[in-house]
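Below: one structure, written as structure tokens.
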Protein chains: 2
Amino acid sequence: MDNRKKKILQAIIEEYINTAEPVSSGSIVKRYGLDFSSATIRNEMAELEKVGYIEKTHTSSGRIPSAKGYRLYVDELLNDQNINLAEIKYIQSKLNAKVNELEDLTKITTSTISEVTHYTTVAIGPKAQIQNIQEIKFVLLGTRMLMAVLLTEDGLIKETIIKFDQDITEDQVETLNYIFNNKLRGMPLDSIDKPLEEYIFSHMNYSLAVIKPIIEQLNRVVNEEEKIYLEGTNKAFELPEFKSLEIAKNFINLIDQKEIMADLLNTGFANDINVYIGDENENEKLKDFSIVTFRHRYKNKDLGTIGIIGPTRMDYSKVISVMKYINKKLNGK
Amino acid sequence: MDNRKKKILQAIIEEYINTAEPVSSGSIVKRYGLDFSSATIRNEMAELEKVGYIEKTHTSSGRIPSAKGYRLYVDELLNDQNINLAEIKYIQSKLNAKVNELEDLTKITTSTISEVTHYTTVAIGPKAQIQNIQEIKFVLLGTRMLMAVLLTEDGLIKETIIKFDQDITEDQVETLNYIFNNKLRGMPLDSIDKPLEEYIFSHMNYSLAVIKPIIEQLNRVVNEEEKIYLEGTNKAFELPEFKSLEIAKNFINLIDQKEIMADLLNTGFANDINVYIGDENENEKLKDFSIVTFRHRYKNKDLGTIGIIGPTRMDYSKVISVMKYINKKLNGK
DNA sequence: TTTTAGCACTTATTTGTCAAGAGTGCTAAA
DNA sequence: TTTAGCACTCTTGACAAATAAGTGCTAAAA
């Protein structure tokens, strides 16, 4: 792969990202200041095709990038500072809002990314199970309802409601607070389980009718799938790829299945931008799409993952640039 | 409108709902046990068209129902007990799950309706602003973070986090609990406002640095748009209407705009099934779609609204039957 | 008076053909 | 090594013709 070939490949990919049409040798000569004739470009293109970076849709058509082509582009060729002043200002204005909860920040970030990149954006909160409990508090609401609030060492907050068939007294709440904090402080969230229930019941001699529903509900909350945030589904429908009913349907099916989205977001390396192009994706259903994710960690705290999902013909340069910038901003918060 | 005309109209509508193709005079004779020739049906159809219940797509085509036709069908002709044993069993199994929070019930109900009807289903929780406060509790998390929990007289629970630039003591929390409950018990949620802040500051002589963020955040939480629950977006894409890119795009645009969905769900009569057919909808964007909503109240408590959104060619009989049944079940809970 | 057989007429849909256009691969010359 | 030139391939759009589905109307039958 000499330099000229790379330049031509880059031109093909960028032209294709812009126009969504197969790229001809002529159009490259015209628009990409390469000082050769179309015949020369044609020869180079034939070789690029032989090594699998580009493809033809039919014998006499222009070329489109293959997944392998995009991969080289993403790894070596693209500009990852492709972000302008207007975009920077917009992102700043959004991210400067004061937020009290990580959830709000996730929502804002997700919608901001979708606005700036014009792609559908998904996000998921940090995994609860692996975190350690810092504090747990019970609050009596009315006479037969408790709210339990869990605070983890990483600052994640989980709350849930537990209903009882009998009245609960403020004294009981106080005891519960004492027992649970005493037992759980510093422990991982997933240690709220059956053995704990038995331990409290037998060693601390506390009413099972109260303990049991609490443990069960806390266990449920801690283990339930994290919520998925989704923004800009409609953005995808502006893309020419979505003229194909097949593609549109697959896309909607994908983002409608929260488990698939959760899996997608929970793979990849932390604090790095992960790009999965077309059939690089393990999931067969994703072969026509690309995903760019970012698992955000800050000061060793897991802050969840944000991902962009779109057609393989995605503006990787813009997407990656925006992700990088947002990450920098988030770490400054 | 004599009886025979109504029968023919019903046949046309039900055939169209099944096939999504314009209905010819011949097909009705064949499939709907009406003992007349196609010529007779044709004459009747010409008259039904004259009064606006059905329409033609071109001079020699079969007929499709107009909004007015669907309206008559919904008001007078359809079977609202169109639900079979398998569906009843399925709904029962889903709704029998024990839930601690209204939110969980809403989620389950929404997805159940979508599964049974095969249409996209949306829901919104009860409006908070109009409810009265029963209890308010503050919980200290760490040293600079409060969780505020609001319980309304209707049983709605709202919680939120407030962060401070200074440490908060347990004594302060106790005072806050006293002040707020004392002042707000029995008051509507939207009375948490600036005047209240000033009152507490001046009359109770309490630190503004603590009061102000609390009031602001509570106010924000109480007034923010209720969350929208959405299930089965992909179901819509199985319908022949969604072969049209135009329709598909409009649909996605609609359900992506939470404010439109909220408006939609917040109109209509409580405890009644509301049907809006095609251009009966006020919103121009909805002219190709129908909405069936149900504002659920029980023992005078607002429990939110559930809605089905689909093409005007919707299986109203099934949708209304399922809604009615679900309502009955919910009221038994 | 109501119903219906029969037929002319309308429109959509499908199929085939043709010409134009875009782009390639290859050859031979620069 | 590059490129002009040209034959070749495939797509796209336009047009025409054939087919099919269905209506409206007329005149006869019930």
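Side-chain atoms are counted along with the backbone in the values below, which use heavy atoms only and exclude waters and symmetry mates. Everything quoted here is computed from the prediction, not taken from an experiment. So that the names make sense, note that chain A is the first sequence line, chain B the second, and so on, each numbered from 1.
- If you take CE of A:Met45 and P of C:dA22, they are 16 Å apart, rounded to a whole angstrom.
- Residues satisfying the side-chain hydrogen bond (donor to acceptor under 3.5 Å, both in side chains) criterion with A:Thr57, sequence neighbours excluded, are A:Ser61.
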Quick one: do A:Ile88 and A:Ile83 satisfy side chain to side chain contact (heavy atoms under 4.5 Å, CB included)? Show the steps, please.
CA-CA 7 Å; A:Ile88 288 177; A:Ile83 182 166; 3.9 Å; yes
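- Contact between the side-chain N/O atoms of B:Ser60 and the OP1/OP2 oxygens of D:dG24 is not found at any separation under 4.0 Å.
- Residues that satisfy the salt bridge (Lys or Arg N to Asp or Glu O under 4.0 Å) test with A:Lys68, not counting sequence neighbours, are absent from this structure.
- Residues B:Pro311 and B:Leu239 form a side-chain contact, since some pair of their non-hydrogen atoms from C-beta on lies under 4.5 Å apart.
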Find every protein N or O atom lying less than 3.5 Å from an N or O atom of nucleotides 12-14 of chain C, and list the pairs.
none

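- Remark: DNA chain C forms stems of 3 or more consecutive Watson-Crick or G-U wobble pairs, all pair distances under 3.5 Å, at C:1-30 with D:1-30.
- Counting non-hydrogen atoms of other residues, nucleotides and ligands closer than 6.0 Å to NZ of B:Lys7 gives a total of 12 or fewer.
- OP1 or OP2 of D:dG24 has at least one side-chain nitrogen or oxygen of B:Lys56 nearer than 4.0 Å.
- Following rounding to the nearest Å, A:Leu48 (CG) and C:dT24 (P) show an atom-to-atom distance of 13 Å.
- Among residues at least two apart or in separate chains, salt bridge (Lys or Arg N to Asp or Glu O under 4.0 Å) pairs with a member in residues 13-26 of chain A are A:Glu15-A:Arg31.
- The shortest distance between the side-chain N/O atoms of B:Thr59 and the OP1/OP2 oxygens of C:dT11 is below 4.0 Å.
- Side-chain atoms of A:Ile320 and A:Asn82, non-hydrogen and from C-beta on, never get closer than 4.5 Å to each other.
- A:Ile54 places its CD1 atom 14 Å from the C1' atom of C:dG25, with the value rounded to the nearest Å.
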Can you check nucleotides 14-17 of chain D for protein contacts, nitrogen or oxygen pairs under 3.5 Å, and list what you find?
none

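- Evaluation of the ring pair (Phe, Tyr, Trp, His ring centres under 6.0 Å) rule for A:Phe242 yields A:Phe237, A:Phe251 as partners, not counting sequence neighbours.
- Residues passing the salt bridge (Lys or Arg N to Asp or Glu O under 4.0 Å) test with B:Arg42, sequence neighbours excluded: none.
- For residues 272-281 of chain B, the pairs satisfying salt bridge (Lys or Arg N to Asp or Glu O under 4.0 Å) are B:Arg71-B:Glu280, with sequence neighbours left out.
- Which of D:dT23, D:dT2, C:dT10 sits closest to the side chain of A:Arg4 comes down to D:dT2.
- For DNA chain D, no neighbouring residue in residues 9-21 of chain B is found when judged by any heavy atom under 4.0 Å.
- Only one option out of A:Tyr316, A:Tyr70, A:Tyr119 pairs with A:Ser290 in a side-chain hydrogen bond (donor to acceptor under 3.5 Å, both in side chains); it is A:Tyr316.
- Taking atom CZ on A:Arg63 and atom P on D:dT9, their separation rounds to 16 Å, with Å as the unit.
- Scanning residues 27-44 of chain B for heavy-atom distances under 4.0 Å to DNA chain C yields B:Phe36, B:Ser37, B:Ala39, B:Thr40, B:Arg42, B:Asn43.
- C:dT24 atom P lies 15 Å from atom NZ of A:Lys50, rounded to whole Å.
- Residues satisfying the ring pair (Phe, Tyr, Trp, His ring centres under 6.0 Å) test with A:Phe294, not counting sequence neighbours, are A:His296.
- Remark: side-chain polar atoms of B:Glu87 are paired, donor with acceptor, to backbone N or O of B:Asn84 under 3.5 angstrom.
- Per the geometry, CD1 belonging to B:Ile8 stands 12 Å off P belonging to D:dT23, to the nearest Å.
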Working for side chain to side chain contact (heavy atoms under 4.5 Å, CB included), residues A:Tyr229 and A:Ser111
CA-CA 9 Å; A:Tyr229 304 84; A:Ser111 76; over 6 Å; no
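- Remark: B:Glu282 CD is loosely packed, at most 12 non-hydrogen atoms of other residues, nucleotides or ligands lying under 6.0 Å away.
- Shown here for A:Leu264 and A:Thr267, the closest heavy-atom pair between the two residues is O-OG1, 3.0 Å.
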